[in-house]
Protein chains: 2
Amino acid sequence: MKKPKLADVAKLAEVSPTTVSRVLNDRGYIGEKTRKKVYAAMEELNYYPNEIARSLFINKTFIVGVIFPTTSNPFYGQLIYHLENVCESLGYKVLLCNSGGREDKERAYLEMLQRHQVDGIIAGAHNRGIDLYKKSRMPIVSFDRILADHIPVVSSDNYRGGELATQHLIDRGCKKIIHINGPRELETPANLRRDAYEDTMKKNNLPYRTYEISDTYLEDLFNENLDLEAVFASDDMIASKVINEAKNRGIRVPEDLKVIGYDGAEAVRMLLPDLSTIQQPIEEIARVSVEILMEQINQSDNFEVKNVTLPVELIKGKTT
Amino acid sequence: MKKPKLADVAKLAEVSPTTVSRVLNDRGYIGEKTRKKVYAAMEELNYYPNEIARSLFINKTFIVGVIFPTTSNPFYGQLIYHLENVCESLGYKVLLCNSGGREDKERAYLEMLQRHQVDGIIAGAHNRGIDLYKKSRMPIVSFDRILADHIPVVSSDNYRGGELATQHLIDRGCKKIIHINGPRELETPANLRRDAYEDTMKKNNLPYRTYEISDTYLEDLFNENLDLEAVFASDDMIASKVINEAKNRGIRVPEDLKVIGYDGAEAVRMLLPDLSTIQQPIEEIARVSVEILMEQINQSDNFEVKNVTLPVELIKGKTT
DNA sequence: TTGTATGCGTTATCAG
DNA sequence: CTGATAACGCATACAA
């Protein structure tokens with residue numbers, strides 16, 4: 001019992017395959033009774049059109065490839081949720097790629113997506129040195145990372161976010177403020193958070209210091225800064241770790257130590273409603289990313305590369 | 001400048017398309033120098049085989065459809081992460097579907113996946129009354145929900161989990177223990193958590209009461225149970241809400257109120273390391289689900305439906 | 001060891 | 001209003 005195809009429907013309905021195709025796509029004029037017959041036959045056979053064959057012919061798959069580190073992280077999980085939602089509303093499907101932060105996997109995915117003829121790619125896996133992006137002529141939108149000259153970047157205002165967070169801590173009366181960030185990479189807009197922190201501290205004549213993630217950064221942070229007053233973590237997961245470590249050391253938050261994070265994913269807001277953070281406009285990022293991707297897909301010729309920066313918001317919780 | 005196809009490579013390499021195909025798939029005998037020529041041509045043209053055309057011919061896409069409520073939820077996000085990982089390791093890609101808990105969307109996705117000729121489906125979106133599953137002859141594995149007689153179900157041991165959680169609270173000396181759960185639905189193994197709670201309470205001659213999620217369940221819970229000693233929440237997000245509400249009311253956890261959740265997603269464990277919970281074997285669930293799906297895909301004839309129940313683990317945190 | 005012809009399931013073109 | 005035919009890009013059976 002194989003899958004019925006268009007020809008089977010045609011035979012049962014006693015018409016030609018062309019006619020069935022016409023009914024299916026509502027193209028050209030068709031007699032009312034033939035249409036009925038065709039629908040009946042489709043129903044009876046439980047027929048579904050084969051999108052693969054269709055894709056091959058029209059040279060378009062209506063699939064968007066989405067590459068991010070992991071759906072396991074609440075921020076990416078939510079971003080991907082919205083990306084998928086927006087795509088779906090436009091008739092596009094999403095092929096999911098978890099790079100797991102590995103450059104080789106990202107490269108492999110990228111090639112796989114090309115072979116699979118996806119109509120476009122949204123990439124937010126932050127690996128370095130993947131020149132495949134540069135060579136590719138495929139519609140691509142990048143989240144938070146410069147991939148190549150011709151690839152538009154969507155991000156939220158990381159510099160402003162860093163400024164808001166730092167200034168907020170200063171306004172709260174803190175002077176000894178430490179920043180935690182991932183390892184510095186070139187071309188990553190997320191590092192603007194660090195620049196903003198350092199600039200803002202300078203502007204206020206305060207000493208600044210950034211810890212980069214390592215096996216021991218947490219202990220180091222606390223051991224080396226007994227006079228610590230506040231921490232600006234570059235994401236909420238890190239902020240949470242700082243808070244928990246403080247708790248374990250008997251340091252009270254916010255009385256003895258103020259902590260602010262970054263991202264504001266829904267799940268984190270729910271689990272840690274007290275956490276102060278910089279809220280990224282996650283749904284908006286998704287909306288705009290897909291929008292720009294669609295522009296490329298629909299007019300791949302004279303398409304003008306424009307980067308978009310979305311506003312962030314300071315959430316004053318109870319940890320500051 | 002269109003995409004190069006196999007014939008273009010053949011022309012450049014001065015061989016026939018068949019030969020190129022052979023090189024590509026490493027089939028049959030090929031001369032060493034021809035192979036070299038072909039590879040060179042592929043390189044020069046930046047050629048990628050068209051998987052769509054290939055799929056159409058071999059009648060197989062190596063795509064698995066994955067339907068869940070939302071990647072935004074840490075538990076599903078992590079489960080999907082692992083599902084994608086396992087699939088990738090077997091050469092399969094994942095088409096992501098967020099049902100958002102809506103039955104109409106799930107139905108639409110299901111149809112879309114059929115049209116797209118996916119080789120199989122893993123479904124964990126818990127809607128009711130989708131008979132499409134019953135009619136479908138496609139390889140399907142369900143997570144935590146009975147969809148049809150012929151569809152295997154993978155779940156962790158929900159009854160045992162409910163037992164562990166309840167007994168743990170009793171062991172901690174609690175008598176007035178309330179359970180919170182989603183609305184009761186038929187055929188959902190997750191409701192076994194509730195059954196286990198009620199059975200365990202009965203067995204210990206303790207009064208039991210289950211609150212179902214509603215707009216006011218949290219307030220009701222606290223207002224109607226001034227002598228409340230413990231809460232067993234059917235997932236960690238709910239547990240977190242209970243803890244926060246308690247905090248707002250000046251009720252200390254765990255001194256005045258003990259709370260245990262369910263799921264134990266990585267992100268939640270990181271954000272709320274103190275939370276007692278029942279840990280589901282998320283990675284294992286993913287591994288087994290894909291495994292069973294592959295069995296169906298590879299021998300769709302005499303395939304024996306077997307459900308699998310995986311063990312859970314009690315995590316004793318500081319909230320109990 | 002390599003090439004030719006055919007078909008996978010669909011749609012567009014062009015005739016009727 | 002409807003039908004025959006070719007084509008999308010690839011892989012197989014069969015020849016050479």
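Predicted, not measured: the structure shown is a model, and the values here were computed from it.
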Next on the checklist: What is the separation between atom CG on B:Asp26 and atom C1' on D:dA11, rounded to the nearest whole Å?
Outcome noted: 15 Å
Item to check | Under 4.0 angstrom between A:Thr19 side-chain N/O and D:dG3 OP1 or OP2 | outcome: yes
Item to check | Separation of C:dT11 P from A:Asn50 CG (nearest whole Å) | outcome: 9 Å
Checklist entry - Is A:Asn59 touching bases, backbone alone, or none of the nucleic acid, heavy atoms closer than 4.0 Å? => result nothing
Checklist outcome for this item: Separation of D:dC10 atom C1' from A:Arg115 atom CZ, nearest Å, is 13 Å
Next on the checklist: Rounded to whole Å, how long is the line connecting atom CZ of B:Arg27 with atom C1' of C:dT2?
Outcome noted: 16 Å
Item to check | Comparing B:Tyr48 and A:Val15 on DNA chain D - which has the more 5′ nearest nucleotide | outcome: A:Val15
Next on the checklist: For the residue pair A:Thr18 / A:Ser21, report whether a side-chain donor-acceptor contact shorter than 3.5 Å exists.
Outcome noted: no
Checklist entry - Between C:dG9, C:dT11, D:dA11, which nucleotide gets closest to the side-chain atoms of A:Ser21? => result C:dT11
Item to check | B:Leu6 CG to D:dT12 P, straight-line distance once rounded to whole Å | outcome: 12 Å
Checklist entry - At under 4.0 Å, does any side-chain N or O of A:Thr34 touch on OP1 or OP2 of D:dT2? => result yes
Next on the checklist: Need one value for B:Pro17: base, sugar-phosphate or nothing, where a base atom within 4.0 Å counts as base even if backbone is also close, heavy atoms only.
Outcome noted: nothing
Checklist entry - C:dT11 C1' sits how many Å from A:Lys5 NZ, rounded? => result 15 Å
Item to check | Under 4.0 angstrom between B:Tyr47 side-chain N/O and D:dC10 OP1 or OP2 | outcome: yes
Next on the checklist: I want to verify a distance call: between C:dT11, D:dG9, D:dC10, whose nearest atom is closest to the A:Asn25 side chain?
Outcome noted: C:dT11
Checklist entry - Under 4.0 angstrom, heavy atoms only, what part of the nucleic acid is B:Leu56 near: base, sugar-phosphate, or nothing? => result base
Checklist entry - Between C:dT11, C:dT2, C:dT10, which one does the side chain of A:Ile58 approach most closely? => result C:dT11
Checklist entry - B:Arg22 has a side chain; which of C:dT2, C:dT11, D:dG9 sits nearest to it? => result C:dT2
Checklist entry - Hey, does the side chain of B:Ser289 reach the backbone of B:Ile285 with a donor-acceptor pair shorter than 3.5 angstrom? => result yes
Next on the checklist: Do B:Arg35 and B:Arg22 make a side-chain contact, defined as non-hydrogen atoms from C-beta onward lying under 4.5 Å apart?
Outcome noted: no
Item to check | Nearest listed nucleotide, side chain of B:Leu24, among D:dA4, D:dA11, D:dG9 | outcome: D:dA11
Checklist entry - Whole Å only: how far is the CD1 atom of A:Ile52 from the C1' atom of C:dT11? => result 15 Å
Checklist entry - For the atom pair CG (B:Leu79) and CZ (B:Phe68), what is the distance rounded to the nearest 0.5 Å? => result 4.5 Å
Checklist entry - From the list C:dT1, D:dC10, C:dT11, which nucleotide is the closest neighbour of the side chain of B:Tyr29? => result C:dT1
Checklist entry - Does NZ or CZ of B:Lys60 fall inside the cone over B:Phe62's six-membered ring, less than 6.0 Å from its centre and within 45° of the axis? => result yes
Item to check | Minimum-distance nucleotide (side-chain atoms of A:Phe57 versus D:dG3, D:dC10, C:dG9) | outcome: C:dG9
Checklist entry - Hey, does A:Tyr133 have a side-chain heavy atom less than 4.5 Å from the side chain of A:Glu106? => result yes
Checklist entry - Taking atom types as they are modelled, is there a donor-acceptor pair under 3.5 Å from the base of C:dT4 to the side chain of B:Thr18? => result yes
Checklist entry - A:Arg54 or B:Glu32: which one's nearest nucleotide on DNA chain C is closer to the 5' end? => result B:Glu32
Checklist entry - Roughly how many Å is it from CD in B:Gln117 to C1' in C:dG9, rounded to a whole number? => result 9 Å
